Asker: 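Next up is a structure, given as structure tokens.
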Protein chains: 2
Amino acid sequence: MADRQWTSRFPGLGALEPEITNLLLRTSAVVDLPAGTRIFGPGQAPENYLLLLDGTVRVQQVSENGREIVLYRVAAGQSCALTTACLMGYEDYQAEGVAETAVTAVAIPRATFDEAIARSAAFRKFVFTAFSLNVTTLFKLIEEVAFSRIDERLAQRLLQLADPSGHIEITHQQLAAELGSAREVIGRQLHEFQRRGWVTTSRGSIDLANREALRQLATAH
Amino acid sequence: MADRQWTSRFPGLGALEPEITNLLLRTSAVVDLPAGTRIFGPGQAPENYLLLLDGTVRVQQVSENGREIVLYRVAAGQSCALTTACLMGYEDYQAEGVAETAVTAVAIPRATFDEAIARSAAFRKFVFTAFSLNVTTLFKLIEEVAFSRIDERLAQRLLQLADPSGHIEITHQQLAAELGSAREVIGRQLHEFQRRGWVTTSRGSIDLANREALRQLATAH
DNA sequence: TTTTGCTATGTGACTAGATCACATACGAGG
DNA sequence: CCTCGTATGTGATCTAGTCACATAGCAAAA
């Protein structure tokens, strides 16, 4: 099957040494996970290094008092950098990873991962670059949470979550959990967006009516 | 001089392969940086992997509109994980690192770093563990910024910054930059702490008068 | 069809924190 | 003692989060 050749689907893995490619293809499994699967979380350390072939994984932080904030998403063609961190440092993170859609992923066992890291400069570069990119997004997130207005962050997130037709299936509560805010706040902001004609809302979904206006607000500083 | 043997001052580097230890000792320089030195920042990528022998480095995020927040500190005996990230991913971070005190550090050139990573499992583990630990602190920071009260965060930071006698040389403005808050807010909180007899303040410095009370507030959730 | 019940959303009052515009106060150097 | 830069104090106002509770949409059961 085509998945035998999955290494070619990751730009950084194209130039891999042949014996490393073979090692990866031989010892890794391609797995399918249904939407909603909890991939890792507190008390559930990931056992494999995951490369996403299809679908998206949402990584979120849940605080003691039940409040949530989405840290980042992992899309097809990316590796789950947090998984990396866990494998590297044997750290038990508080964050959890959830399959947001049905997910197809390559699961590289730790032993293979360690061996590939040890033997291949190209593989190291691939892993580190992915990891490093993610730290950058965390820095941006800290800055946004600390200094950005909630309406800007909401506009930005709506644009990010919308499908090509501008539709989003999401509740106010879920949007609040995206941004680490509160349901009422999101509701009021959406109300204002609707008043301005930028979105239309209905129970459980939102449609973008004026992406340009939202984009302008999102990039306003 | 004693610094020839600096590898022994990092627990994770004690069990290093002898030829790797030699490589590190041979090609790395021990450098002294005065307090206030900007070690890396936007447009100033670090050229070496730094291991701190003495002093502390403050890593902070500065936003476009000039607001600041301290991301973490690197203390003696630790490596600068962000430097790591830069070396790994060739990413240009927005964050900047500043020597908070006079700093003595080992500067490992990139070539040596790459070689040690390639050849030594122990060195990899040392680097990755340090990096991974730091991601954990970033997650905690995100949670605190998003969900914690400013008085709790201030109490926590005062305890962290105080010297053994409970004294801190710092202005309200600097404390605000520590926490990503505003000077007036810090001033009002300190006023309240003082009213309760937990601290005494004077121009440019603070003294802790009741650490236990501060600790209790800091760990309240 | 009507009822029931769960979930989503709306709303006002209140609190916390950030922002703005100033007013003072301190302390080193002239 | 005076001056000036920096640090701190303060009220008004705005934004966002919290709390308590009301209402609305929708689907399954009666």
Side-chain angles (χ1 to χ4, degrees), chain A residues 61-69 141-158 161 167-196 199-207 217-218 220-221, chain B residues 61 63-69 142-158 161 167-196 199-207 217-218 220-221:
Chain A
Q61 174 92 297
V62 184
S63 81
E64 304 137 345
N65 44 11
R67 297 196 54 181
E68 297 182 16
I69 184 168
L141 176 60
I142 289 172
E143 182 169 333
E144 282 180 2
V145 171
F147 306 132
S148 292
R149 296 172 49 95
I150 196 70
D151 53 355
E152 294 173 11
R153 295 178 58 215
L154 176 58
Q156 187 185 321
R157 193 54 60 106
L158 289 174
L161 293 174
H167 183 79
I168 317 170
E169 283 290 320
I170 200 167
T171 66
H172 299 181
Q173 181 64 66
Q174 288 172 312
L175 266 173
E178 286 276 334
L179 301 174
S181 177
R183 177 187 63 77
E184 301 92 318
V185 174
I186 299 300
R188 283 167 188 144
Q189 295 293 337
L190 285 174
H191 194 78
E192 174 62 17
F193 285 2
Q194 186 156 34
R195 196 191 62 75
R196 297 187 195 169
V199 304
T200 57
T201 67
S202 61
R203 186 187 168 93
S205 73
I206 300 169
D207 286 272
L217 177 61
H221 30 247
Chain B
Q61 174 92 300
S63 81
E64 304 137 346
N65 45 12
R67 298 196 53 182
E68 297 181 17
I69 183 169
I142 289 172
E143 182 168 333
E144 282 181 2
V145 172
F147 305 132
S148 291
R149 296 172 49 95
I150 197 69
D151 54 354
E152 294 173 11
R153 294 179 57 215
L154 176 58
Q156 188 184 321
R157 192 55 60 106
L158 289 175
L161 293 174
H167 184 78
I168 317 171
E169 282 290 321
I170 199 167
T171 66
H172 298 181
Q173 181 63 64
Q174 289 172 312
L175 266 173
E178 286 277 332
L179 301 174
S181 176
R183 177 186 63 78
E184 301 91 319
V185 174
I186 299 301
R188 283 169 186 142
Q189 295 294 338
L190 285 173
H191 194 80
E192 175 62 18
F193 285 3
Q194 186 158 32
R195 196 191 62 76
R196 296 189 196 168
V199 303
T200 59
T201 67
S202 61
R203 187 186 168 94
S205 73
I206 300 169
D207 286 271
L217 177 60
H221 29 247

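Below, chains carry the letters A, B, ... as their sequence lines are ordered, and counting in each starts from 1. Note that the structure is a prediction, hence the values are computed from the model and not measured.
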Asker: What is the distance from atom CZ of A:R203 to atom NE2 of A:H172, rounded to the nearest 0.5 Å?
Answerer: 10.5 Å
Asker: Can you check the B:L179 CG to C:dA18 C1' distance for me, whole Å?
Answerer: 14 Å
Asker: Would you mind checking if A:E184 and A:R188 are paired as a salt bridge, meaning a charged N to carboxylate O distance below 4.0 Å?
Answerer: no
Asker: Would you indicate, yes or no, if D:dA16 has its OP1 or OP2 atom less than 4.0 angstrom from a side-chain nitrogen or oxygen of B:R149?
Answerer: no
Asker: Which nucleotide sits closest to the side chain of A:V185: D:dG17, D:dG9, C:dT19?
Answerer: D:dG17
Asker: Is B:R188 touching bases, backbone alone, or none of the nucleic acid, heavy atoms closer than 4.0 Å?
Answerer: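 Base contact - B:R188 has a heavy atom under 4.0 Å of at least one base atom.
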Asker: Find the distance A:L190:CG to D:dA16:C1' and express it as a whole number of Å.
Answerer: 15 Å
Asker: With rounding to the nearest 0.5 Å, note down the distance linking CD1 in A:I69 to CD1 in B:I142.
Answerer: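 If I round to the nearest 0.5 Å, the distance is 6.5 Å.
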Asker: Measure the CD1-CD distance between B:I170 and B:E178 for me, rounded to the nearest 0.5 Å.
Answerer: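 These two atoms lie 5.0 Å from each other.
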Asker: Please work out if A:S181 contacts a base, only the sugar-phosphate, or nothing of the nucleic acid, heavy-atom cut-off 4.0 Å.
Answerer: sugar-phosphate
Asker: The side chain of A:H191 is closest to which nucleotide in this list: D:dT6, D:dA24, C:dT11?
Answerer: C:dT11
Asker: Take the protein atom CZ of A:F193 and the nucleotide atom P of C:dG10, then report the distance between them rounded to whole Å.
Answerer: 14 Å
Asker: Given that A:F147 and A:I170 both sit by DNA chain C, which one's nearest nucleotide is further toward the 5' end?
Answerer: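 Residue closer to the 5' terminus by nearest nucleotide: A:I170.
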Asker: Which part of the nucleic acid, if any, lies within reach of A:S202 when heavy atoms closer than 4.0 Å are counted: base, sugar-phosphate only, or nothing?
Answerer: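 Sugar-phosphate, no base atom in range.
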Asker: Tell me: CD of B:E184 to P of D:dC14, nearest whole Å?
Answerer: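 The answer, rounded to whole Å, is 16 Å.
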Asker: Separation of B:L175 atom CG from D:dT8 atom C1', in whole Å?
Answerer: 13 Å
Asker: Between B:I206 (CD1) and D:dT8 (P), how many Å, whole number?
Answerer: 8 Å
Asker: Can a side chain N or O of B:Q189 be found less than 4.0 Å away from OP1 or OP2 on C:dG17?
Answerer: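 Indeed, a polar side-chain atom of B:Q189 lies that close.
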Asker: Roughly how far apart are B:L158 CG and B:Q189 CD, rounded to 0.5 Å?
Answerer: 10.5 Å
Asker: If you find the nucleotide of DNA chain D closest to B:Q194 and the one closest to A:R183, which residue's nucleotide is nearer the 5' end?
Answerer: B:Q194
Asker: Establish, with yes or no, whether the OP1 or OP2 oxygen of C:dG10 is under 4.0 angstrom from a side-chain nitrogen or oxygen of A:H172.
Answerer: yes
Asker: Between D:dG17 and A:R67, is there an OP1 or OP2 to side-chain N/O distance shorter than 4.0 Å?
Answerer: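 False: A:R67 side-chain N/O out of range (4.0 Å or more) of D:dG17 OP1/OP2.
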Asker: Round to the nearest Å and state the distance from A:I186 atom CD1 to C:dA8 atom P.
Answerer: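 Those two atoms, CD1 and P, are 15 Å apart.
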Asker: What is the distance, to the nearest angstrom, from the CG atom on A:N65 to the C1' atom on D:dC19?
Answerer: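 Nearest whole value for this atom pair: 15 Å.
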